[in-house]
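Numbering of ligands and ligand atoms starts at 1, following listing order. Just so it is clear, the model here is predicted, and its values are computed rather than measured. All values below come from the heavy atoms of this structure, side chains included, with hydrogens, waters and symmetry mates left out. The first residue in the sequence is number 1, and the count goes up from there.
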Amino acid sequence: MTILHIDTSISGANSASRQLTESIVDKLQTTGEGGEVIYRDLVANPLPHLTFDAFADTSTLNQFLAADTIVIGAPMYNFTVPTQLKAWIDRVAIAGTTFRYTENGPEGLMGGKRVIIALARGGFYNDGSPAAGFEFAERYLKAVFNFIGIEPEFVAADGLAVSPEQRETSIKQALGETVRLAA
Ligand SMILES: Cc1cc2nc3c(=O)[nH]c(=O)nc-3n(C[C@H](O)[C@H](O)[C@H](O)COP(=O)(O)O)c2cc1C
């Protein structure tokens, strides 16, 4: 099994999403789902914004195709995913390879891969809450992975900007959930 581990937080050692992805990958390794781990830090080594010429370089796509499990750290920035992660998605959502258009509509071709996403958000965006309509990170990631045939699993640390106590509680709770995800 090959795990592709991707981090996208700009916060380095203080990052909650980085803590969570590390924990998820560790747990996967101990439950036998592990094997080779390929690590990509899209902040230390960012992909450029998409251009037509960029499609000629299929290395990111091929790395994704070769992975069985993909673990992604996704902090919420300005209500959605970091541009570093969007640049990666732009290279793996490829018509004819990861999805195709059919007479019956689009069809995802990546079924069988496991995608686990560690979300870290400063606020709370629960259904029915005042900010729910501002949530475009989890919703977007679910939509784009569904589109290519994958149902992503999420673990979320929320309310991280509310107070230091809330931050500690939320990270602890999310780290606990990584055990369930790796089971
Ligand atoms: C540039 C920037 C933009 C942010 N925008 C939002 C936002 O729109 N909504 C929110 O709830 N939190 C926002 N936050 C807070 C982060 O989601 C929060 O700090 C989270 O912990 C980031 O993940 P990380 O700890 O892995 O870096 C923002 C943080 C930064 C640095």
Checklist entry - Considering all heavy atoms of both residues, which atom of Pro152 and which atom of Leu141 are nearest to each other, and what is their separation? => result CG-O, 4.2 Å
Item to check | Selection from Met76, Arg121, Arg18 by shortest heavy-atom distance to atom 28 (C) of ligand 1 | outcome: Met76
Next on the checklist: If the cut-off is 4.0 Å to any non-hydrogen atom of Gly122, which atoms of ligand 1 fall inside it?
Outcome noted: 10 (C), 11 (O), 12 (N), 15 (C), 16 (C), 17 (O), 18 (C)
Checklist entry - Are any non-hydrogen side-chain atoms of Thr60 and Val92 less than 4.5 angstrom apart? => result yes
Checklist entry - atom 19 (O) of ligand 1: protein heavy atom closer than 4.0 Å? => result no
Item to check | atom 8 (O) of ligand 1 [closest protein heavy-atom partner, distance rounded to 0.1 Å] | outcome: Phe79 N, 2.8 Å
Checklist entry - Taking atom 22 (C) of ligand 1 as the point of reference, which of Pro75, Ala137, Ser9, Gly123 owns the nearest heavy atom? => result Pro75
Checklist entry - In the protein, what heavy atom is nearest to atom 1 (C) of ligand 1, and what distance, to one decimal place, separates them? => result Tyr77 CD2, 4.1 Å
Checklist outcome for this item: Note: ligand 1 atoms sitting under 4.0 Å from heavy atoms of Ser11 are 27 (O)
Checklist entry - Do Gln173 and Leu175 pass the side-chain contact (heavy atoms from CB on, under 4.5 Å) test, and can you show the C-alpha distance, the side-chain angles, and the key distance before you say yes or no? => result CA-CA 5 Å; Gln173 186 195 331; Leu175 283 170; over 6 Å; no
Item to check | Within 45° cone of Phe147 ring axis and under 6.0 Å: Lys142 NZ or CZ | outcome: no
Next on the checklist: Could you identify the single nearest non-hydrogen protein atom to atom 9 (N) of ligand 1 and state the distance to 0.1 Å?
Outcome noted: Tyr125 OH, 2.8 Å
Item to check | Salt-bridge present (Asp57, Arg91; N to O < 4.0 Å) | outcome: no
Checklist entry - Near Asn78, which atoms of ligand 1 are under 4.0 Å from a heavy atom of that residue? => result 3 (C), 4 (C), 5 (N), 6 (C), 7 (C), 8 (O)
Checklist entry - Do Phe64 and Met110 touch side chain to side chain, with heavy atoms closer than 4.5 Å? => result yes
Next on the checklist: Checking a contact table here: which protein heavy atom is nearest atom 21 (O) of ligand 1, and how many Å away?
Outcome noted: Leu160 CD1, 3.2 Å
Checklist entry - When only distance counts, is Ala16 in polar contact with ligand 1, meaning an N/O pair under 3.5 Å? => result yes
Checklist entry - Going by heavy atoms in the side chains, are Leu119 and Leu20 under 4.5 Å from each other? => result no
Checklist entry - For Gln29, what residues pass the side chain to side chain donor-acceptor pair (under 3.5 Å) criterion, not counting sequence neighbours? => result none
